[in-house]
Amino acid sequence: MVQSVRGMRDVLPDEARRWRSVEDRIKYLMLGYGYEEIHLPLLEATELFSRGVGEGTDIVEKEMYTLTDQEGSGITLRPEGTASCVRALQEHGLLFNQTQRVFYSGPMFRYERPQKGRYRQFYQIGAEVFGAGGAEVDAELISMCYRLWCDLGIDRRVHLELNTLGSSSVRKRYREALVTYLTPLIDQLDEDSQRRLSRNPLRILDSKNPQTQALLEDAPVMSAFLDEESVANYERLKELLNQLQVPYQQNDRLVRGLDYYTDTVFEWVTTDLGSQGTICAGGRYDGLVEMLGGKPTPGSGYAIGLERVLLLHELDHAEREPRSADVYCCVVDPAQHGWAMHFIEQLRELAPDLRIRLHAGGGKLKNQLKRADQTGAQWALIAGDSEVTNNRVAVKFLRTDQAQVEMGLNELAAFLNNAIQS
RNA sequence: GUGGACGUAGCUCAGCUGGUAGAGCUCCGGGUUGUGAUCCCGGCGGUCGUGGGUUCGAGCCCCAUCGUCCACCCCA
């Protein structure tokens, strides 16, 4: 047998039901905040990510699925959504003198070692705001997440970590100071941090190596370098979060792995998923549009890792998502199947919201009713010889003690429509 | 990319110092002429991840490979 490709995953019906329900709730919430859905391609020019995400980042250096197409163009399966989003809005003139709130969803691709909650094809839902700077937008994005966790019942399992990286010029000065401090200590750093010292020194800050962390105790801190505007923004954001009653922790070691972030960065973190603890992360990226060739435009957003949110959701909501069918129609004898099909088609027309499953594959009535029970259906319809002659079906109540009754088409449609209202 | 654990029925797992593979659940049939719980009886189901090697003999030992998981790394 041919197996699936490493790091790729099948989502089977039991999981797909939960998936759909969670995904729908996220999108519904985003629509409720006035965000508009957009659809973006899976393939982009490789250059979009090397420029947008950053040459020195791990994503660009070793995790991209990059290929050359028949025309010789370098194209890449998107490893994240923000760069594509900027590209699309820019390309269609939607960033011109206006504020845009948009969201997108779909698979992203990164060549990493697979683990639970970390796949090579994984699903993100992201929200982005363009054309509006300031802490208010950041606060909106964050409180939107918080409402979502509460909605999904996972707020108890996550906490918010917050930091500010300052403007790009501030970050540059801070980076130099950090390198100056760490260079004499390079022999004491762990191997990864040594490598990062030249490529991406800020990432040393969130090293998990205890010895490296000890060395960082006396390192220069970002907060001392921030300019007045960044400080004011950060203070304003914290004030807004207090007002919105969104709990947060400041983490001045929080650094994102993508180069485009400026000022506000945040991560929603859980300790219940092993080392894949970040379920949602984002921040402000006021320089990105310009980096990709547009006019200077403020931007801010976040992305949710859907598989991880689903894993968390499952911890407290182990019961299966119910209702794969409302009505299950049993056919006593194959001779009645055609009649039953026609009856059901008419019923679908009169009761379009019902989920009706017609038994397939024959078998005894006993087994058909067992199937009916397993689908979670409320009612079983039975079409047998006597019913068909009278142009009616038997209605059996699978979840209550009510006695079985016979009904004609119109009576049944009216009854079922009424019943699923409540 | 580094280190480690694990791959046995559709699912969850057992399998002794190497002697020719088992349970529960599921599924199917019967106990019921056309009525879903439970119960009882019976049955289907395996080239033990794959490929090599050692051995009279391998699920078990060795090597390789693929996959999953854990930590590192990375990130959502």
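If you're wondering where the values come from, they're calculated on a predicted model, not measured in any experiment. Order of the sequence lines sets the chain letters (A, B, ...), proteins ahead of strands, with each chain counted from 1.
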Rounded to the Å, how far apart are [X] [atom1] and [N] [atom2]?
{"X": "A/Met8", "N": "B/rU68", "atom1": "CE", "atom2": "C1'", "value": "15 Å"}
{"X": "A/Leu254", "N": "B/rA76", "atom1": "CG", "atom2": "C1'", "value": "13 Å"}
{"X": "A/Lys366", "N": "B/rC27", "atom1": "NZ", "atom2": "P", "value": "12 Å"}
{"X": "A/Leu189", "N": "B/rC73", "atom1": "CG", "atom2": "C1'", "value": "16 Å"}
{"X": "A/Leu365", "N": "B/rG34", "atom1": "CG", "atom2": "C1'", "value": "5 Å"}
{"X": "A/Met108", "N": "B/rA76", "atom1": "CE", "atom2": "P", "value": "11 Å"}
{"X": "A/Glu112", "N": "B/rG1", "atom1": "CD", "atom2": "P", "value": "12 Å"}
{"X": "A/Asp333", "N": "B/rG34", "atom1": "CG", "atom2": "C1'", "value": "11 Å"}

Under a 3.5 Å cutoff, is there a donor and acceptor pairing between the side chains of [X] and [Y]?
{"X": "A/Thr262", "Y": "A/Ser167", "value": "no"}
{"X": "A/His313", "Y": "A/Arg18", "value": "yes"}
{"X": "A/Gln245", "Y": "A/Tyr146", "value": "no"}

Applying a 3.5 Å limit to both distances, which nucleotide forms a Watson-Crick or G-U wobble pair with [N]?
{"N": "B/rG59", "value": "none"}
{"N": "B/rA37", "value": "none"}
{"N": "B/rU50", "value": "B/rA64"}
{"N": "B/rA21", "value": "none"}
{"N": "B/rU2", "value": "B/rA71"}

Which part of the nucleic acid does [X] contact within heavy-atom distance under 4.0 Å: base, sugar-phosphate only, or nothing?
{"X": "A/Ala372", "value": "nothing"}
{"X": "A/Glu387", "value": "base"}
{"X": "A/Gly277", "value": "nothing"}
{"X": "A/Ile125", "value": "nothing"}
{"X": "A/Tyr328", "value": "nothing"}
{"X": "A/Glu80", "value": "nothing"}
{"X": "A/Gly81", "value": "nothing"}

Considering only the [atom1] atoms, how many Å lie between [N] and [M], rounded to the nearest integer?
{"N": "B/rC72", "M": "B/rU8", "atom1": "P", "value": "27 Å"}
{"N": "B/rC39", "M": "B/rC25", "atom1": "P", "value": "8 Å"}
{"N": "B/rG52", "M": "B/rA37", "atom1": "P", "value": "48 Å"}
{"N": "B/rC69", "M": "B/rU55", "atom1": "P", "value": "38 Å"}
{"N": "B/rA9", "M": "B/rG42", "atom1": "P", "value": "24 Å"}
{"N": "B/rC75", "M": "B/rG7", "atom1": "P", "value": "33 Å"}
{"N": "B/rC60", "M": "B/rG19", "atom1": "P", "value": "11 Å"}
{"N": "B/rG45", "M": "B/rA23", "atom1": "C1'", "value": "14 Å"}

Inspect the contact between [Y] and [X] and indicate whether a charged nitrogen and a carboxylate oxygen are less than 4.0 angstrom apart.
{"X": "A/Glu307", "Y": "A/Lys116", "answer": "no"}
{"X": "A/Asp353", "Y": "A/Arg348", "answer": "no"}
{"X": "A/Asp58", "Y": "A/Lys62", "answer": "yes"}

Given the structure, check if the side chain of [X] and the base of [N] hold any donor-acceptor pair shorter than 3.5 Å.
{"X": "A/Ser386", "N": "B/rG34", "result": "yes"}
{"X": "A/Arg118", "N": "B/rC69", "result": "no"}
{"X": "A/Gln368", "N": "B/rG34", "result": "no"}

Counting only side-chain nitrogens and oxygens, does [X] get under 4.0 Å of the OP1 or OP2 atom of [N]?
{"X": "A/Arg203", "N": "B/rC75", "value": "yes"}
{"X": "A/Asn367", "N": "B/rU35", "value": "no"}
{"X": "A/Lys370", "N": "B/rU35", "value": "no"}
{"X": "A/Arg6", "N": "B/rG67", "value": "yes"}
{"X": "A/Ser275", "N": "B/rA71", "value": "yes"}
{"X": "A/Gln115", "N": "B/rA76", "value": "no"}
{"X": "A/Arg371", "N": "B/rC28", "value": "yes"}

Return the 5'-most residue of the pair A/Glu307, A/Ser4 with respect to RNA chain B, ranking by each residue's nearest nucleotide.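 On the 5' side of the pair lies A/Ser4.
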For A/Gln124 and for A/Val5, locate the closest nucleotide of RNA chain B by heavy-atom distance; then report the residue assigned to the nucleotide nearer the 5' terminus.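 Its nucleotide being nearer the 5' end, the pick is A/Val5.
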From the list [options], which nucleotide is the closest neighbour of the side chain of [X]?
{"X": "A/Asp385", "options": "B/rU68, B/rG34, B/rA76", "answer": "B/rG34"}
{"X": "A/Val332", "options": "B/rG34, B/rG3, B/rA76", "answer": "B/rG34"}
{"X": "A/Arg399", "options": "B/rC73, B/rA76, B/rG36", "answer": "B/rG36"}

What is the distance from atom CZ of A/Arg78 to atom OH of A/Tyr104, rounded to the nearest 0.5 Å?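 That separation rounds to 8.0 Å.
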Stacked cation flag A/Arg9 on A/Tyr119, 6.0 angstrom / 45 deg: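 Cation-pi check for A/Arg9 and A/Tyr119: passes.
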side-chain hydrogen bond (donor to acceptor under 3.5 Å, both in side chains) assessment of A/Glu15 paired with A/Trp19: CA-CA 6 Å; A/Glu15 188 187 354; A/Trp19 183 299; over 6 Å; no
